[in-house]
Protein chains: 2
Amino acid sequence: MSETERLEIQCPGEEWCPITATATLIGKKWHPVIIHRLLVNGPAGFNELQHEVDGISSKVLSESLDDLESKGLLDREVIEEKPIRVRYSLTETGESLEKVVLALAEWGDEYLEAGEPTA
Amino acid sequence: MSETERLEIQCPGEEWCPITATATLIGKKWHPVIIHRLLVNGPAGFNELQHEVDGISSKVLSESLDDLESKGLLDREVIEEKPIRVRYSLTETGESLEKVVLALAEWGDEYLEAGEPTA
DNA sequence: CGGCATCCACATGGATACTG
DNA sequence: CAGTATCCATGTGGATGCCG
């Protein structure tokens, strides 16, 4: 017991590699930020997320959310009101990514800084 | 003082975001694995890396190494022998990614498993 | 509010072959 | 050994507009 629920995923090569597997799962451009926002601020609606994730388009946000949901990292709850509302929240597996995402954030804070846009 | 050397990098959006910044830096398909191999096994030559990174082509490995070098995450040392040898090793900044890469590896080990290829 | 449809430009990377 | 050259399929995501 203490069996963790595991997601199945393929690796690019022949051998199983947990790093490329994880990178394949959450390595899309906006996935880590989306997960981070949900970790830090809790469940959110679509527009809320779009404003919190700076620079993302609705199309890409939509695709990212679909992808994350299909992989079991987040839940999508539709609230039938007028106007309609949707709440995105992390699943347990999604929340388990906290260490990974915080590692990204901490490293970025320590070793990176904003560069001028080709200035 | 205790100033850490920081790399400059741009974010997709307007605001600076350490997560997307880090993801932009090491978020390429093979970067985390390459860094991991160098962390675990130490400096390596080109072919050595190509055999250790399962599934990568020489073209893509070459491009990845160029990219990582240009970003200051690894060093490239040419050893003039016959036949010529090259040693790739992590810079200090590259080594500082240990936590990030290990977080990816650990999470993958715990929450993922190999899936059959569309079986 | 919470999307989806369309169009399109550019990046990524696999296969293969060749070179100093 | 350590790459480069070429070609090409696919992926990724930005812009814009429309819909329930």
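Proteins come first, then strands; the chains are lettered A, B, ... in the order of their sequence lines, and each starts at number 1.
When distances run from any side-chain atom of A:Phe46 to the nucleotides C:dG20, C:dG2, D:dG13, the shortest one goes to C:dG2. Out of C:dA11, D:dT6, D:dG3, the shortest distance to the side chain of B:Ser58 is found at D:dG3. Counting only heavy atoms from C-beta on, A:Ser62 has its side chain closest to C:dG3 among C:dG3, D:dG20, D:dT12. For A:Trp30, taking side-chain heavy atoms from C-beta onward, the closest of the listed nucleotides C:dG3, D:dT6, D:dG14 is D:dG14. With C:dG2, C:dA11, C:dA15 as the choices, the nucleotide that has an atom nearest any side-chain atom of A:Asn47 turns out to be C:dG2. With C:dG3, C:dA5, C:dG14 as the candidates, the nucleotide lying closest to the side chain of A:Tyr88 is C:dG3. Distances were taken from every side-chain heavy atom of A:Lys59 (C-beta onward) to each of C:dC7, D:dA2, C:dG14; the shortest belongs to C:dC7.
Rounded to a whole Å, the CD atom of B:Glu80 is 12 Å from the P atom of D:dG3. What separates CG of A:Asp66 from C1' of D:dG11 is a distance of 16 Å, to the nearest Å. The separation between A:Leu61 atom CG and C:dA5 atom C1' is 17 Å, rounded to whole Å. Between the CD atom of A:Glu48 and the C1' atom of C:dG3 there is a distance of 16 Å, rounded to whole Å. If you measure from atom CD of B:Glu63 to atom P of D:dG3, you get 13 Å, rounded to the nearest angstrom. For the pair B:Lys29 NZ and C:dT12 P, the computed distance is 12 Å after rounding to whole Å. Remark: C1' of D:dG3 and CZ of B:Arg85 are 14 Å apart, rounded to the nearest angstrom.
Side chain to side chain, B:Arg6 and A:Tyr111 fail the donor-acceptor criterion of an N or O pair below 3.5 Å.
DNA chain C is contacted by both B:Val60 and A:Arg87; A:Arg87 maps to the nucleotide lying nearer its 5′ end (nearest heavy atom per residue).
Put simply, CG on A:Leu39 and CG on A:Leu97 are 7.5 Å apart, with the number rounded to the nearest 0.5 Å.
Using a 4.5 Å heavy-atom threshold, the side chains of A:Phe46 and A:Leu61 count as touching.
With A:Ser64 contributing its side chain and A:His31 its backbone, the two residues share no donor-acceptor pair below 3.5 Å.
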